[in-house]
J.: 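The structure that follows is given in the form of structure tokens.
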Amino acid sequence: MTRTPARTAAVPLAALALLLSGCAGDPSPERAASTTTAPTPTQTASPTPTPSPPPTAMTPAGDPVALASGLGAPWSIAFVDGTALLSERDTGTILELGPATGGSTRVVGTVPDVVAGGEGGLTGLAVDAQGRLYAASTGPNGNRVQRFALTGDPGTLGLGPAETIIDGIPSARTHNGGRIAFGPDGLLYATTGDAGQRDAAQDPASLAGKILRMTPDGAAPADNPFPGSVVYSLGHRNPQGIAWSGEGVMFASEFGQDTWDELNIIAPGANYGWPIVEGFSDDGRFTDPVQQWRPDAASPSGIAIAGATLYIANLRGETLRAVPVSDPGTSVDYYVGAFGRLRDVALAPDGTLWVLTNNTDGRGSPRTGDDLLLGVGLQPG
């Protein structure tokens with residue numbers, strides 16, 4: 001499959017290389033080796049390490065630049081070996097973008113048997129410590145997560161055979177969830193919507209309206225809150241963003257119905273109330289969000305944490321929202337209305353922030369060049 005000129009990334013290679021500089025040379029925490037040498041009789045033990053300084057709040061440094069254009073309903077960003085991988089919801093296509101692609105997107109492959117429609121299709125991407133790609137998508141029997149070996153090298157990447165690690169997750173044209181990410185514990189997390197089955201969100205036996213936690217092979221970890229189950233938290237309507245702070249606190253963004261969208265701190269076994277409550281409540285059975293917004297000002301999708309700041313990509317709100325991790329009840333908005341609907345945000349390996357617009361998904365008003373992958377530097381502040 002050949003990418004047509006209208007759907008080719010348009011960014012100077014030098015600019016892309018600058019934004020990606022340092023990606024391949026910095027090992028991820030999972031890959032970094034550590035060694036310990038016991039003191040010998042002629043050595044003294046090393047002093048207690050000085051604690052690391054607390055994370056710094058990070059703010060955008062200027063206006064974003066377009067790294068790619070002409071994308072079709074893009075949904076998720078992941079990184080492997082200094083190369084960005086992008087998912088396109090309706091085509092089931094995975095693209096790569098990096099210095100080895102000459103500043104243009106190229107097709108890595110197409111996830112087989114994707115059933116696109118409404119909010120269903122190819123959604124979240126994640127990469128494990130071994131460089132294997134995980135993709136969430138809607139298939140013939142509901143939503144699923146599949147694993148792929150990546151063949152070739154950056155610039156010539158391809159998809160190996162699909163290996164389904166979990167399936168049978170309820171799917172629908174709305175409230176479809178779809179975000180996946182590896183946590184600091186090395187386990188895979190997935191968000192699922194209630195798929196229009198409101199009461200299923202309160203049923204621990206259903207995979208709808210949940211955040212799931214599983215091993216890279218799809219099994220339930222022994223320390224999950226519901227024995228033998230991949231369910232990690234329940235009472236969700238349509239969560240689409242997950243991220244962890246440097247201290248290991250898990251955050252999730254969630255679409256409400258008509259009243260409140262939410263930012264939640266996720267705890268194992270906690271119940272977030274849907275469909276009984278939406279937003280803050282006085283019901284002690286449920287965990288309240290740390291911040292809520294009216295849906296027309298938010299519709300929060302992907303989230304990412306840079307230093308001490310959590311960033312949220314908002315669809316209806318058409319804004320990149322910054323939330324202090326230490327004070328998550330407050331927020332600041334950037335680029336309101338400048339780029340239309342925003343679907344995902346990711347921290348690149350070099351510390352820049354990347355954002356996907358989502359104006360070609362059938363609900364937006366496409367602008368010239370849409371959809372875009374944007375990049376912006378960050379600075380302390």
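Not measured: the values here are computed from a predicted model.
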J.: Could I get the full list of ring-ring contact (aromatic ring centres under 6.0 Å, His included) partners for Y134, not counting sequence neighbours?
T.: F182
J.: Can you name the residues that form a salt bridge (charged side-chain N to carboxylate O under 4.0 Å, His left out) with D199, not counting sequence neighbours?
T.: none
J.: Measure across S69 and G369 and return the closest heavy-atom pair with its distance rounded to 0.1 Å.
T.: CB-O, 3.4 Å
J.: Please walk me through it: do V230 and I166 pass side chain to side chain contact (heavy atoms under 4.5 Å, CB included)?
T.: CA-CA 10 Å; V230 295; I166 188 170; 4.0 Å; yes
J.: Restricting to ring-ring contact (aromatic ring centres under 6.0 Å, His included), what partner residues turn up for W244, sequence neighbours left out?
T.: Y189
J.: Tell me whether the count of non-hydrogen atoms from other residues, nucleotides or ligands lying under 6.0 Å of CG in D223 goes above 12.
T.: yes
J.: With heavy-atom distances below 4.5 Å as the criterion, would you say the side chains of V114 and T138 are in contact?
T.: no
J.: Are any side-chain N or O atoms of T123 and backbone N or O atoms of A136, one a donor and one an acceptor, separated by less than 3.5 Å?
T.: yes
J.: Using only atom types and a distance under 3.5 Å, with no angle test, would you say the side chain of N271 pairs donor to acceptor with the backbone of G269?
T.: no
J.: For A57 and T309, work out which heavy atoms get closest and say how close.
T.: CA-OG1, 3.4 Å
J.: Any sub-3.5 Å donor-acceptor pair from T352's side-chain atoms to G375's backbone N or O?
T.: no
J.: Hey, is the main chain of G131 close enough, under 3.5 Å, to the side chain of D128 for a donor-acceptor pair?
T.: yes
J.: Among residues two or more places apart or on two chains, list those pairs meeting salt bridge (Lys or Arg N to Asp or Glu O under 4.0 Å) that have a residue in residues 360-381.
T.: E119-R363, E318-R367, R341-D361, R343-D361
J.: Verify side chain to side chain contact (heavy atoms under 4.5 Å, CB included) between I165 and Q146, making sure each step is shown before the conclusion.
T.: CA-CA 6 Å; I165 66 168; Q146 295 175 299; over 6 Å; no
J.: Check whether any side-chain heavy atom of R237 sits under 4.5 Å from a side-chain heavy atom of Q257, and report yes or no.
T.: yes
J.: Consider ring-ring contact (aromatic ring centres under 6.0 Å, His included). Of Y272, F286, W274, which one does H236 pass it with?
T.: Y272
J.: Would you give the length of the straight line joining atom CG of L347 to atom CH2 of W354, rounded to the nearest 0.5 angstrom?
T.: 11.0 Å
J.: Only counting residues at least two apart or in another chain, list the ones meeting salt bridge (charged side-chain N to carboxylate O under 4.0 Å, His left out) with R147.
T.: E163, D217
J.: Is there side-chain contact between P289 and L263, with at least one heavy-atom pair below 4.5 Å?
T.: no
J.: For F255, what are the other residues in its hydrophobic cluster, where any two members join if their side-chain heavy atoms are less than 4.5 angstrom apart?
T.: L315
J.: Can you tell me how far apart CG (N359) and CG (L372) are? Round to the nearest 0.5 Å.
T.: 8.0 Å
J.: Donor-acceptor pair, distance only, cut-off 3.5 Å: does the side chain of E88 make one with the backbone of T93?
T.: no
J.: Once salt bridge (charged side-chain N to carboxylate O under 4.0 Å, His left out) is applied, do any residues pair with D113, and if so which ones, sequence neighbours excluded?
T.: none
J.: Would you indicate whether the side-chain heavy atoms of R132 and F148 approach each other to under 4.5 Å?
T.: no
J.: Without swapping roles, check the side chain of S76 against the backbone of G124 for a donor-acceptor pair under 3.5 Å.
T.: no
J.: Can you list every pair that meets salt bridge (Lys or Arg N to Asp or Glu O under 4.0 Å) and has a residue in residues 174-190, with sequence neighbours left out?
T.: R179-D344, D185-R213
J.: I want to check something: taking the side chain as every heavy atom from C-beta on, are W293 and S331 in contact at a cut-off of under 4.5 Å?
T.: yes
J.: Could you give all pairs that pass the ring pair (Phe, Tyr, Trp, His ring centres under 6.0 Å) test and reach residues 96-130, with sequence neighbours left out?
T.: none
J.: Evaluate the criterion side-chain hydrogen bond (donor to acceptor under 3.5 Å, both in side chains) for residue pair T101 and E96; output intermediate values, then yes/no.
T.: CA-CA 8 Å; T101 66; E96 70 167 311; 5.9 Å; no
J.: Going by the rule ring-ring contact (aromatic ring centres under 6.0 Å, His included), which residues pair with H175 if we only count those two or more places apart in sequence or in a different chain?
T.: none
J.: If you measure from the Lys or Arg side-chain nitrogens to the Asp or Glu carboxylate oxygens, is any gap between R198 and D194 under 4.0 Å?
T.: no
J.: Main chain of A172, side chain of N176: is a donor-acceptor contact present, judged purely on distance under 3.5 Å?
T.: yes
J.: I'd like to check I312 versus L320 (side-chain heavy atoms, cut-off strictly below 4.5 Å). Are they in contact?
T.: no
J.: With heavy-atom distances below 4.5 Å as the criterion, would you say the side chains of L188 and I180 are in contact?
T.: yes
J.: Under 4.5 Å between any side-chain heavy atoms of I77 and L373, yes or no?
T.: yes
J.: Would the distance check show the side chain of D288 and the main-chain N or O of S281 forming a donor-acceptor pair, the cut-off being under 3.5 Å?
T.: yes
J.: Which pair of non-hydrogen atoms, one from G120 and one from D90, has the smallest distance, and what is that distance?
T.: O-OD1, 4.3 Å
J.: Let me see the working for T151 and L159 under side chain to side chain contact (heavy atoms under 4.5 Å, CB included), right down to the final yes or no.
T.: CA-CA 6 Å; T151 62; L159 290 182; over 6 Å; no
J.: For Y311, what residues pass the ring-ring contact (aromatic ring centres under 6.0 Å, His included) criterion, not counting sequence neighbours?
T.: none
J.: Identify the heavy atoms of P300 and E254 that sit nearest to each other, and give their distance.
T.: CG-O, 3.7 Å
J.: Between the main-chain N or O of T319 and the side-chain N or O of N314, is there a donor-acceptor pair closer than 3.5 Å?
T.: yes
J.: Mind listing the closest non-hydrogen atom pair of V231 and S206 along with its distance?
T.: CG2-O, 4.0 Å
J.: Determine the minimum heavy-atom distance between S233 and A267, stating which atoms define it.
T.: CB-O, 4.1 Å
J.: Show, in sequence, the C-alpha distance, side-chain angles and deciding distance for L67 and L97, and conclude whether the side chain to side chain contact (heavy atoms under 4.5 Å, CB included) test is met.
T.: CA-CA 9 Å; L67 303 179; L97 173 68; 4.3 Å; yes
J.: Restricting to salt bridge (charged side-chain N to carboxylate O under 4.0 Å, His left out), what partner residues turn up for D283, sequence neighbours left out?
T.: R285
J.: So, T192 side chain and G209 main chain: donor-acceptor pair closer than 3.5 Å or not?
T.: yes
